[in-house]
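In each ligand, atom 1 is the first atom listed, and ligand 1 is the first ligand listed. Keep in mind the model is a prediction, meaning the values are calculated, not measured.
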Amino acid sequence: MIKGAIFDVDGTLLDSMGIWKDVGVRYLNSIGIEAEPDLGNILFTMSIQEGAQYVKEHYHLSQETDEIEQNVLDIISDYYKETAPLKSGAVELLEKLRNSNIPMTIASSNNKKEIEMAFERLEIAKYFDRIFTCEEAGAGKTKPDIYLQAAEYLGSRPEETLVFEDVIHAVRTAKKAGFQVIGIYDEASKDDQEEIQREADCYCRDWRELMKKKTALTIAGSDSSGGAGIQADIKTMQANGVYAMSAITALTAQNTTGVTGIMEVSPEFLENQLDAVITDIRPDAVKIGMVSSEKLIKTISKKLKEHHAENIVVDPVMVATSGSRLISENAIETLKTQLLPMASVITPNIPEAEVLAEMEIRSEKDMVEAAKKINEMYHCAVLCKGGHSLNDANDLLYQNGKATWFRGKRINNPNTHGTGCTLSSAIASNLAKGYSLEESIHRAKEYISGALAAMLDLGKGSGPMDHGFEIRGRFGI
Ligand SMILES: Nc1ncnc2c1ncn2[C@@H]1O[C@H](COP(=O)(O)OP(=O)(O)O)[C@@H](O)[C@H]1O
Ligand SMILES: Cc1ncc(COP(=O)(O)OP(=O)(O)O)c(N)n1
């Protein structure tokens with residue numbers, strides 16, 4: 001759960017990085033000298049003192065460096081006081097965080113005075129309880145001090161705190177210190193964008209893009225008891241902040257004790273649903289759950305390719321906890337060859353991973369070996385879920401030759417109907433919102449732990465979880 005947010009200023013909230021490239025040219029122009037074409041880049045990495053020394057020597061100026069420095073500082077100060085604009089969508093983002101009762105601070109390498117002047121003019125001072133500067137923190141943003149001091153002030157731990165940044169060294173520092181980092185594009189650091197995208201938990205071109213409601217589509221079967229399948233997926237997507245859509249593969253007559261009937265839709269009708277949804281509201285992520293027959297799998301594969309679907313999470317549902325089979329034997333082969341290679345990640349539980357890897361899983365070492373085998377066979381990231389273990393809830397991600405454990409505390413709750421559907425839908429929701437795969441899994445596990453810990457107890461068998469455990473507000477009472 002997010003309990004605080006820390007914002008950088010220049011390049012993040014303000015579209016102000018240009019002044020630091022432009023200030024030397026402006027200064028020289030003010031004394032009637034034309035600057036060399038590349039002066040902005042030459043001065044960009046220098047301190048103001050170094051820059052003043054450079055222009056004095058290079059342009060044979062009679063002014064002392066102290067005077068040049070002061071004139072440059074005045075130009076910068078005037079810029080913040082009168083001109084520095086907000087980045088697009090910044091106010092909407094601040095408003096949204098304030099409405100969610102998330103306290104916010106500033107962490108900036110700039111001077112407090114400049115920030116205060118700009119914030120007052122732009123009417124955004126009201127969003128921030130305090131401004132932290134690198135000068136006061138005693139270190140620049142290659143060290144985590146400023147973020148840690150800001151988080152301590154907010155009363156949130158790093159993992160509960162969002163850091164908004166636009167430059168790679170700051171993104172790296174905050175990430176390394178355990179914060180959740182949102183990276184944003186800025187012209188001044190355009191050459192580092194790919195790296196920022198890789199290192200940050202979430203990345204966006206501008207704040208409006210981050211604010212836009214993200215969408216997710218579930219292609220799965222209906223569970224009449226509401227704990228698994230389409231119903232669990234939609235509740236999960238809603239609770240994880242995305243707009244949920246569905247294409248139903250089958251109706252099941254099901255409750256917490258078992259499945260008493262399955263009625264599949266025709267491939268034509270599934271195709272119809274997929275076309276209707278995707279051509280109108282494009283999903284930012286797709287989750288695929290129960291698909292019981294070869295024909296339906298082929299339809300999904302064809303349609304998702306045709307529509308260039310992204311962020312596909314495949315939960316290779318085979319058997320429900322209650323013991324009922326949810327896929328035909330021959331469809332498993334088609335699932336392997338047609339759907340797995342399209343997936344950003346697949347989420348088999350231990351029995352499903354055993355079928356896909358064609359080996360027994362008895363230990364954590366076996367989980368790694370099976371996930372590696374599946375990854376090499378089908379070229380997709382594999383999250384082997386450990387919910388069927390007795391003592392823990394440790395899941396293993398295998399991708400790009402690397403195994404990463406997501407360790408979870410086992411919650412003593414016998415009502416685990418729909419855990420697989422819920423986890424895969426939460427991962428898809430997080431991918432839709434732009435989180436990296438690792439962060440998407442991490443957040444999905446936190447969500448499922450919360451839903452299990454709410455201890456809902458319904459039905460005669462293994463009951464459903466409380467998907468809405470964190471949905472509060474006046475209509476929730
Ligand atoms: N009792 C539990 N406590 C905490 N997490 C659990 C528990 N049971 C399952 N999980 C988690 O729920 C997710 C779904 O896992 P699993 O139950 O193995 O899937 P499936 O429902 O497909 O069999 C995994 O992240 C797993 O670690
Ligand atoms: C319609 C439908 N789809 C999938 C499942 C399996 O759900 P899962 O999340 O794996 O949960 P359990 O049934 O294993 O608890 C289902 N039962 N029905």
Side-chain angles (χ1 to χ4, degrees), residues 218-236 246-265 287-292 296 313-327 345-356 361 364 367 371 383-397 405-427 430 440-456 459 461-465 467:
T218 163
I219 307 173
S222 155
D223 167 8
S224 49
S225 65
I230 288 279
Q231 289 81 353
D233 297 344
I234 292 178
K235 293 175 198 177
T236 301
S246 66
I248 299 184
T249 57
L251 303 178
T252 69
Q254 181 175 180
N255 62 24
T256 61
T257 63
V259 179
T260 51
I262 297 181
M263 186 197 279
E264 248 188 25
V265 301
K287 172 251 157 93
I288 304 174
M290 172 189 170
V291 198
S292 46
L296 292 179
V313 179
V314 177
D315 183 11
V317 176
M318 294 180 191
V319 180
T321 310
S322 55
S324 313
R325 215 186 158 88
L326 297 173
I327 186 169
V345 64
I346 67 163
T347 61
N349 60 22
I350 286 178
E352 289 154 357
E354 288 182 323
V355 172
L356 297 175
I361 299 176
E364 286 201 344
M367 280 171 80
L383 181 73
C384 183
K385 298 172 296 192
H388 290 237
S389 332
L390 292 179
N391 304 318
D392 52 42
N394 298 338
D395 304 346
L396 179 272
L397 174 68
W405 281 99
F406 292 84
R407 304 216 174 254
K409 195 168 143 277
R410 190 154 196 89
I411 293 156
N412 189 11
N413 183 350
N415 298 307
T416 58
H417 178 53
T419 45
C421 301
T422 301
L423 186 83
S424 52
S425 296
I427 295 173
N430 292 326
S440 295
I441 295 170
H442 175 73
R443 292 172 73 98
K445 276 196 74 71
E446 280 199 353
Y447 172 70
I448 205 164
S449 298
L452 281 165
M455 297 309 262
L456 184 65
S462 175
M465 289 164 290
H467 291 96

closest protein heavy atom to atom 11 (O) of ligand 2 is G418 N, 3.1 Å
Open item on the list: Could you tell me if S222 and Q231 have a donor-acceptor pair between their side chains, going purely by distance under 3.5 Å?
Closed with: yes
Applied to residues 221-234, the salt bridge (charged side-chain N to carboxylate O under 4.0 Å, His left out) test, sequence neighbours excluded, yields D233-K287
Sorted by chain and residue number, the side chain to side chain donor-acceptor pair (under 3.5 Å) partners of S449 (sequence neighbours excluded) come out as none
Nearest non-hydrogen contact to atom 7 (O) of ligand 2 from the set C421, G463, A250, G461 belongs to C421
- Task: Compare all side-chain heavy atoms of M367 with those of N394 and state whether any distance is below 4.5 angstrom.
- Result: no
The salt bridge (Lys or Arg N to Asp or Glu O under 4.0 Å) partners of E354 (sequence neighbours excluded) come to R362
Any side-chain heavy atom of V319 within less than 4.5 Å of one from P351?
-> no
- Task: Answer yes or no for S222: is there a heavy-atom contact with ligand 2 below 4.0 Å?
- Result: yes
Residue, atom and distance of the protein heavy atom nearest atom 1 (C) of ligand 2 read G221 O, 3.4 Å
* **Polar side-chain atom of S246 near backbone of T218 as donor-acceptor pair, under 3.5 Å** => no
| So, is T422 polar-close to ligand 2, with some N/O to N/O distance under 3.5 Å? | no
Output for ligand 1, non-hydrogen cut-off under 4.0 Å, lists N349, K385, G387, H388, A393, D395, K409, R410, I411, T419, G420, L423, K445, I448, L452
Restricting to heavy atoms, the pick from G420, G229, S425 nearest atom 3 (N) of ligand 2 would be G229
At under 4.0 Å between heavy atoms, what of T416 touches ligand 2? The answer is backbone
So for T419 against ligand 2, with non-hydrogen atoms under 4.0 Å, the contacting part is backbone
- ligand 2 to M290 polar contact by distance, N or O atoms, under 3.5 Å: no
**Prompt:** P464 versus T256: any side-chain heavy-atom pair under 4.5 Å?
**Reply:** yes
The closest protein heavy-atom partner of atom 18 (N) of ligand 2 is Q254 NE2, 3.1 Å
Using side-chain heavy atoms (C-beta onward) and a distance below 4.5 Å, is D392 in contact with E364? yes
Checklist entry - Do side-chain atoms of T249 reach the backbone of A220 as a donor and acceptor pair under 3.5 angstrom? => result yes
re atom 15 (O) of ligand 2, the protein heavy-atom contact at minimum distance is T321 OG1, 2.4 Å
| Less than 4.5 Å apart, any side-chain heavy atom of L456 and any of N415? | no
With only distance considered, is L326 within less than 3.5 Å of ligand 2 through an N or O on each side?
no
So for A220, does at least one of its heavy atoms come nearer than 4.0 angstrom to any atom of ligand 2? no
| message | Walk me through whether M290 and T252 qualify under side chain to side chain contact (heavy atoms under 4.5 Å, CB included). | response | CA-CA 10 Å; M290 172 189 170; T252 69; 3.9 Å; yes
Run the side chain to side chain contact (heavy atoms under 4.5 Å, CB included) test on I427 and V345 for me, step by step, so that the C-alpha distance in whole Å, both residues' side-chain angles and the decisive distance to 0.1 Å come before the verdict. CA-CA 9 Å; I427 295 173; V345 64; 4.3 Å; yes
Near H417 (heavy-atom distance under 4.0 Å), the atoms of ligand 2 are 13 (O), 15 (O), 17 (N)
